[in-house]
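Values below: every heavy atom of this structure, side chains too, minus hydrogens, waters and symmetry copies. Both ligands and their constituent atoms are indexed starting at 1 by order of listing.
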Amino acid sequence: MTTTTKTRPMADWSLAPRGAVSGAVNGFLGVAALAAAAHAVELAPVWAAAGTAVSAIGSIAHSAEVGTHTPTLLYRLCCVLGAGSWVAYTAATTPWTSGAFYTLGLGALAAGALAPWFRIKEPAATARTTRAAVIPRRVAQVAAEWEQRILDVTRIRVEITDVRTWDSKAGYTLTGLLPLDGTTRQQLAGACDQLAAAARLPDGCGVEVAKGPHRGSFVMHVMTVNRLTEDVDWHGDLSARDIHEPAWLGEHRDSSPMTVPLREESVILVGQKGSGKTTVLHGLIWEAARCFNGLTAVIDVNGGSLAQPWLHPWLEGETERPAIDWVASDLDEALEMTRILVEMAIDRKTSYRHLKVKHNLSLLPLSAGLPSYQLLVDEGGELMSTTTRDPIKNEIRDNIEELLRIGRDAGFNTIISSLRAVQDMVSPDVIKQSRVKIGMFCDDEAELAYLFGWNKGADPDELAGPGTGFYRVPGATVRPFKAGYLKHGDIARAAVTIANNRPDLDAAGIAVGGDVYRDRLTRMRKAFGGGKEVALPAEKLRAPQPPAEPAPSPARTSAPHLTVLRGGVASWPDPAEIAATAAAGSLFAGQYDLEPERVETLRAEQVHEVEAGRPLPELLVRALQVIGEDRRIHSVALARALRLEQGELAALLGALGVRTLPNPFERGGEKLRGYERQHLEEAANAIRRGELQVPPEVADWPAA
Ligand SMILES: Nc1ncnc2c1ncn2[C@@H]1O[C@H](COP(=O)(O)OP(=O)(O)OP(=O)(O)O)[C@@H](O)[C@H]1O
């Protein structure tokens with residue numbers, strides 16, 4: 001039980017004034033006492049005048065220190081000079097006349113009556129008292145000005161507790177407390193433009209509101225010099241980095257680094273021609289490709305110019321493989337690439353599930369042996385358009401959108417760039433799913449609003465030409481930045497280093513990719529031309545070594561799971577045959593060009609699998625036979641092939657946890673809902689391992 005103790009307020013016997021009346025009375029009595037004392041000691045009037053002058057100077061000094069506004073200062077000077085003159089006059093004559101006391105009384109009355117008018121800035125003064133311990137005096141003025149400005153513009157009464165000038169001298173950062181009436185930081189953030197105007201900041205300068213130490217606080221960056229007009233050099237660092245660390249792309253206005261996360265996030269990058277979009281894309285390739293646990297692929301169906309400088313050393317025979325793992329410069333290649341990347345991402349969920357369990361992680365642990373895969377789609381507006389009728393483009397878009405939906409855990413992310421941020425070119429779904437948003441220099445506020453939302457602080461007036469833009473990462477506000485100026489000469493050097501050091505795709509991914517993945521370099525060489533033919537040497541398929549001091553990569557020694565076998569359960573060899581072949585180790589060695597120790601691990605897992613294998617129900621075997629090499633099948637087609645009603649099929653497969661995909665897809669010119677082969681294979685694997693019991697109705701099928 002809690003008890004509440006009432007405490008009586010203590011009586012305050014101090015003579016400090018508590019209001020206008022007590023201030024006037026105190027003043028009257030104090031000045032009268034002073035005059036009486038001066039008269040008693042026969043003080044020369046000149047001393048009284050000197051004391052008045054000193055008091056006036058002290059009053060000016062005090063006002064300057066606490067930032068008193070001019071009218072208040074004048075009021076105080078009048079009071080001091082009035083009282084001082086009266087004391088000097090009575091020292092020369094006598095205070096003991098009724099006229100002298102009437103004069104003093106009238107003066108005190110006038111001062112008391114006017115006092116409330118000159119106490120308008122009292123809240124700011126209170127705040128100053130509070131923060132006096134933490135703010136140096138020289139910045140108290142700035143804090144008081146901003147408290148008043150925020151009050152005038154937003155009617156929000158904040159308290160500024162800290163002011164820090166940036167090292168670059170291009171502005172300062174205020175830290176403050178919101179009032180206790182439920183006001184939120186967003187309310188303040190919505191008024192950035194108005195605050196910048198009220199502060200008379202130069203063109204291109206602005207105010208940004210960010211998170212403070214807790215939800216009742218805020219941080220406000222105030223830029224007074226436009227740093228966005230200055231070039232920011234690209235960092236040029238080619239040391240291997242970890243995909244889990246944020247990627248550096250440039251600087252904020254206060255010269256702090258602008259970084260974006262890539263491990264779990266997809267990126268949407270929008271910029272008109274000449275805005276600096278390509279420079280940012282090169283920066284993203286640099287940062288993703290130099291990871292010891294990262295690979296990149298590029299789709300650029302407008303001539304492949306984005307990837308060209310990265311492929312150049314390989315095309316010229318300077319390196320044995322390209323810095324970018326896979327480049328699609330036409331629609332056919334893009335279709336194959338996206339189809340296979342989706343399959344790889346799905347496969348990782350089962351092939352490496354044991355790693356998450358083993359390391360007790362919710363995300364797949366990426367490493368040099370199991371790298372992330374960043375798919376960059378340049379000027380994807382054409383491919384991602386929701387209005388195109390081209391079936392190939394539609395399928396590519398479907399695949400990219402599926403990768404966006406399912407790829408995060410497996411480390412398959414997308415970076416989609418578009419010339420415009422309009423619904424026809426990039427669907428709202430893509431905007432929503434891509435949680436890192438970058439909008440390069442653009443004078444159309446509506447396009448920035450489509451990307452970031454209205455009133456989120458993306459004002460085109462704040463940008464300063466090519467290379468500048470706004471960005472937002474999850475959980476943060478929109479901020480302007482200047483991209484590091486990455487030049488083609490830098491790329492030539494990076495392409496060699498990255499090509500030599502980057503990892504290769506994991507064995508399970510290579511197996512899923514099959515011939516299409518294996519032969520991609522030959523097709524890329526044909527598409528981009530130049531240089532002499534260089535075959536990918538077998539040793540390049542070995543798991544690469546991590547850098548000298550890599551971040552912990554627990555998955556490095558783990559081998560892929562058996563589900564890397566292509567063609568579906570129904571087309572796998574007989575388990576007994578696999579076991580016999582595996583004894584010689586030739587199956588995997590021949591099929592995947594793996595290192596000997598990896599073959600050993602695979603063989604061990606495979607034998608374990610065979611021993612634990614349980615028979616599959618006929619329903620699954622036949623369903624997998626019907627779906628064959630295709631990735632998906634319409635429910636109506638599968639039901640017809642199995643001589644079932646669609647409802648019966650849904651009930652039987654549902655009992656195994658296999659359900660239709662949420663969205664319809666195209667097959668044979670029709671867009672209908674249906675099943676994913678991978679889901680059927682997952683159910684088959686679970687049954688074989690004894691993790692899934694076959695319900696009687698499925699085991700009994702077909703009844704006849
Ligand atoms: N970060 C930067 N800093 C300074 N200038 C830049 C920066 N990025 C780009 N620029 C300038 O803008 C020009 C266009 O850049 P970039 O090629 O990246 O833009 P883009 O939007 O891709 O245009 P395009 O599609 O025409 O190539 C560059 O030639 C350069 O002069």
Side-chain angles (χ1 to χ4, degrees), residues 168 170 203-205 223 225-237 246-260 267-289 296 298-312 324 327 329 376-385 414-422 425-426 434 436-444 447-448 450-451 458 460 462-471 479-495:
S168 63
D203 269 344
C205 296
M223 185 180 66
V225 178
N226 193 356
R227 286 269 298 154
L228 298 184
T229 55
E230 294 169 24
D231 281 358
V232 172
D233 290 336
W234 182 251
H235 60 60
D237 186 359
W248 185 99
L249 290 182
E251 287 185 359
H252 296 125
R253 303 196 271 207
D254 60 357
S255 307
S256 61
M258 177 280 195
T259 60
V260 296
V267 180
I268 175 84
L269 165 63
V270 177
Q272 298 165 350
K273 286 227 168 294
S275 64
K277 173 174 59 71
T278 306
T279 307
V280 174
L281 276 175
H282 283 308
L284 282 161
I285 294 177
W286 183 303
E287 286 295 87
T296 50
V298 168
I299 295 180
D300 179 1
V301 292
N302 301 306
S305 59
L306 177 72
Q308 192 96 40
W310 294 97
L311 300 185
H312 184 74
I324 299 175
V327 178
S329 56
L376 283 95
V377 187
D378 188 23
E379 290 183 15
E382 197 190 324
L383 288 177
M384 303 305 291
S385 167
T414 60
I415 296 170
I416 298 170
S417 87
S418 174
L419 280 174
R420 311 259 330 261
V422 288
M425 293 185 105
V426 197
S434 307
V436 173
K437 302 177 203 310
I438 306 176
M440 298 308 292
F441 178 63
C442 156
D443 49 17
D444 188 342
E447 292 205 17
L448 288 173
Y450 181 63
L451 196 57
E462 289 189 28
L463 299 182
T468 56
F470 290 102
Y471 84 109
R479 290 191 75 176
F481 75 102
K482 178 80 180 225
Y485 198 3
L486 174 52
K487 308 200 174 101
H488 272 224
D490 301 326
I491 297 175
R493 182 173 59 91

Tell me whether [X] contacts the main-chain N or O of [Y] through its side chain, where contact means a donor paired with an acceptor under 3.5 Å.
{"X": "Tyr450", "Y": "Val426", "answer": "yes"}
{"X": "Trp286", "Y": "Asp237", "answer": "yes"}
{"X": "Glu447", "Y": "Ala421", "answer": "yes"}
{"X": "Thr259", "Y": "Ala247", "answer": "no"}

Select the closest option to [atom] among [options], judged by heavy-atom distance.
{"atom": "atom 8 (N) of ligand 1", "options": "Asn302, Asp378, Thr279", "value": "Thr279"}
{"atom": "atom 10 (N) of ligand 1", "options": "Pro466, Ala483, Gly469", "value": "Pro466"}
{"atom": "atom 5 (N) of ligand 1", "options": "Trp234, Tyr485, Phe481, Phe441", "value": "Tyr485"}
{"atom": "atom 26 (O) of ligand 1", "options": "Ser305, Gly276, Gly274", "value": "Gly274"}
{"atom": "atom 22 (O) of ligand 1", "options": "Thr278, Leu419, Val280", "value": "Thr278"}

Is there a heavy atom of [X] sitting under 4.0 angstrom from any atom of ligand 1?
{"X": "Gly271", "answer": "no"}
{"X": "Gly484", "answer": "yes"}
{"X": "Met440", "answer": "no"}

Given Leu306, Leu281, Val377, Leu376, the one that forms side chain to side chain contact (heavy atoms under 4.5 Å, CB included) with Asp300:
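For Asp300, the side chain to side chain contact (heavy atoms under 4.5 Å, CB included) test succeeds with only one of Leu306, Leu281, Val377, Leu376, which is Leu306.
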Is the shortest distance from a Lys or Arg side-chain nitrogen in Arg479 or Glu462 to a carboxylate oxygen in the other one below 4.0 Å?
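The answer is no: the pair does not qualify as a salt bridge.
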Kindly assign one of parallel, tilted or perpendicular to the pair His282 and Trp310, based on the angle between their ring planes and the thresholds 30° and 60°.
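Ring orientation, 0 to 90° scale: tilted.
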Shortest protein contact, atom 25 (O) of ligand 1 (heavy atom only):
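Minimum-distance protein heavy atom for atom 25 (O) of ligand 1 reads Lys273 NZ, 3.6 Å.
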Measure the distance from atom 21 (O) of ligand 1 to every protein heavy atom, then report the residue, atom name and distance (to 0.1 Å) of the closest one.
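Scanning the protein heavy atoms, the shortest distance from atom 21 (O) of ligand 1 goes to Ser275 N, 2.9 Å.
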Heavy-atom distances under 4.0 Å are what count here, so tell me which part of Gln272 touches ligand 1: side chain, backbone, both or neither.
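Looking at Gln272 and ligand 1, just backbone atoms fall under 4.0 Å.
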Could you see which bit of Asp231 sits under 4.0 Å from ligand 1, with heavy atoms only: side chain, backbone, both or neither?
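Side chain only.
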Given side chain to side chain donor-acceptor pair (under 3.5 Å), test Glu287 with His235 step by step and report yes or no.
CA-CA 10 Å; Glu287 286 295 87; His235 60 60; 3.1 Å; yes
Should you measure from each heavy atom of Lys482, which atoms of ligand 1 turn up under 4.0 Å away?
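Here the atoms of ligand 1 in question are 3 (N).
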For the NE2 atom of His312 and the CD1 atom of Ile491, what is their distance to the nearest 0.5 Å?
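Spacing of NE2 (His312) from CD1 (Ile491) equals 12.0 Å.
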